[in-house]
Amino acid sequence: MKPEHAGSSETPWSGRRGGRRRAGGAPPFGPEQERLISAWFAGRIPDGWFDGPVSIEVDPDELQVVGKLTPPQLPEGASEEEVRVAEQARIGGFREDSRAARVRIAEEAQPAFRRTVSWGAECGGTRVLFTTAGVPVMTRLRLADRRVLDTLIDAGVARSRSEALAWTVRLVAQHEADWIQELRDAMTSVEEVRARGPRGAGSD
């Protein structure tokens, strides 16, 4: 059986601005590329799968595609547990029924956008990510920083330095979410202004 997302290809990106790129280089990343990616998935995902457009998180390594499913109809007065079980069942059914089609879409998207495609679904208050890419990140840490990670390991919070580092990143994302979103919004505005600027000498 094929995995939820297939291995990426070396086919270069061919977006409007960047032209063709060498295989193996970093894929283009910015507001215009995100709009093109969203448009491609809007045209490729079958009608009826989701309620409205999908949400797509984009970074240089992964496209995380999450769609909203129609909540199941339950008798009036259903408990929170009944609602949760019904929502999880709806998501699980969609995951199994759409598996082959999602793999085909991922196999088309990954060589075009040179990123791993992962999927997820939301139903009511339930959100499930089917498969996500675990991308290794290398860094050099000084003694004081390594001690922080080792303390988390000694306390049983993490099993390794890499797991401890991932835990600290999630902690920052949780407690500084508003500040991080401000940074993202600011960078998006800069990219949009830059894209509207002059092309420079020698451009068409």
Side-chain angles (χ1 to χ4, degrees), residues 4-5 15 17-18 26-42 45 49-71 80 83-84 87-88 90-91 95 109 113-197:
E4 288 278 316
H5 54 249
R17 282 188 183 273
F29 183 54
E32 182 174 4
Q33 283 73 36
E34 291 190 25
R35 287 192 292 268
L36 290 173
I37 291 169
S38 295
W40 188 91
F41 277 95
I45 291 176
W49 269 19
F50 302 117
D51 286 346
V54 296
S55 170
I56 303 179
E57 292 286 337
V58 182
D59 79 356
D61 302 294
E62 182 178 7
L63 305 176
Q64 188 177 92
V65 184
V66 179
K68 292 185 178 181
L69 303 176
T70 303
E80 291 184 3
V83 171
R84 178 180 56 81
E87 291 172 350
Q88 290 177 343
R90 175 64 53 89
I91 292 174
R95 179 177 185 177
F113 303 122
R114 304 220 345 246
R115 293 170 171 89
T116 297
V117 175
S118 61
W119 296 88
E122 294 180 351
C123 184
T126 304
R127 175 184 172 96
V128 177
L129 299 178
F130 304 157
T131 48
T132 56
V135 179
V137 178
M138 302 299 295
T139 185
R140 293 181 180 275
L141 299 176
R142 296 183 182 276
L143 178 59
D145 298 326
R146 297 195 302 272
R147 281 180 174 169
V148 172
L149 301 184
D150 292 339
T151 299
L152 294 174
I153 295 171
D154 294 340
V157 175
R159 293 171 294 182
S160 64
R161 283 180 172 177
S162 60
E163 189 175 288
L165 186 58
W167 185 87
T168 58
V169 170
R170 289 193 295 269
L171 192 66
V172 171
Q174 178 182 350
H175 292 285
E176 301 294 341
D178 292 341
W179 177 68
I180 292 175
Q181 187 60 50
E182 288 179 9
L183 288 178
R184 288 173 177 160
D185 293 342
M187 289 186 292
T188 297
S189 298
V190 169
E191 289 294 331
E192 290 176 346
V193 172
R194 184 180 297 161
R196 294 195 299 268

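The main-chain N or O of T126 is never found under 3.5 Å from a side-chain atom of R84 such that the two would form a donor-acceptor pair. Under a 3.5 Å cut-off, the side chain of T168 and the backbone N or O of L165 do form a donor-acceptor pair.
Atoms CD and CD1, from E122 and I91 in turn, are 8.0 Å apart once rounded to the nearest 0.5 Å. One distance of note links CZ of F41 with CZ of F113; it measures 6.5 Å at 0.5 Å rounding. Once rounded to the nearest 0.5 Å, the distance linking CZ of R147 with CG of L152 reads 14.5 Å. Note that the CZ atom of R140 and the CZ atom of R146 stand 11.0 Å from one another [nearest 0.5 Å]. The CG atom of L63 sits 8.5 Å away from atom OG1 of T116, with the distance rounded to the nearest 0.5 Å. One finds the SG atom of C123 at 9.0 Å from the CG atom of D51 (value rounded to the nearest 0.5 Å).
Among all heavy-atom pairs drawn from R161 and L149, the shortest one is O-CD1, 3.9 Å. Contact record, A109 with V117: CB-CG2, 3.9 Å, taken as the closest heavy-atom pair.
Under the 4.5 Å side-chain criterion, counting only non-hydrogen atoms from C-beta, V58 is in contact with R115. Using a 4.5 Å heavy-atom threshold, the side chains of V148 and L141 count as separate.
Environment of CD in E57: sparse, with no more than 12 heavy atoms of neighbouring residues, nucleotides or ligands closer than 6.0 Å. Shown here is D154, whose CG atom has more than 12 heavy atoms of other residues, nucleotides or ligands within 6.0 Å.
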- Should L129 and Q64 be marked as a side chain to side chain contact (heavy atoms under 4.5 Å, CB included) after you check the CA-CA gap, both sets of side-chain angles, and the distance that decides it? CA-CA 9 Å; L129 299 178; Q64 188 177 92; 3.8 Å; yes
>> Using the rule given for side chain to side chain contact (heavy atoms under 4.5 Å, CB included), can you reason through T70 versus R90, listing the C-alpha separation, both sets of side-chain angles and the distance that settles it, and then say yes or no?
In response: CA-CA 8 Å; T70 303; R90 175 64 53 89; 4.3 Å; yes
Would you sort out whether V66 and W119 count as a side chain to side chain contact (heavy atoms under 4.5 Å, CB included), showing the intermediate values? CA-CA 6 Å; V66 179; W119 296 88; over 6 Å; no
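Taking W49 as the reference, F94 meet the ring pair (Phe, Tyr, Trp, His ring centres under 6.0 Å) condition, with sequence neighbours excluded. Residues passing the side-chain hydrogen bond (donor to acceptor under 3.5 Å, both in side chains) test with S162, sequence neighbours excluded: S160.
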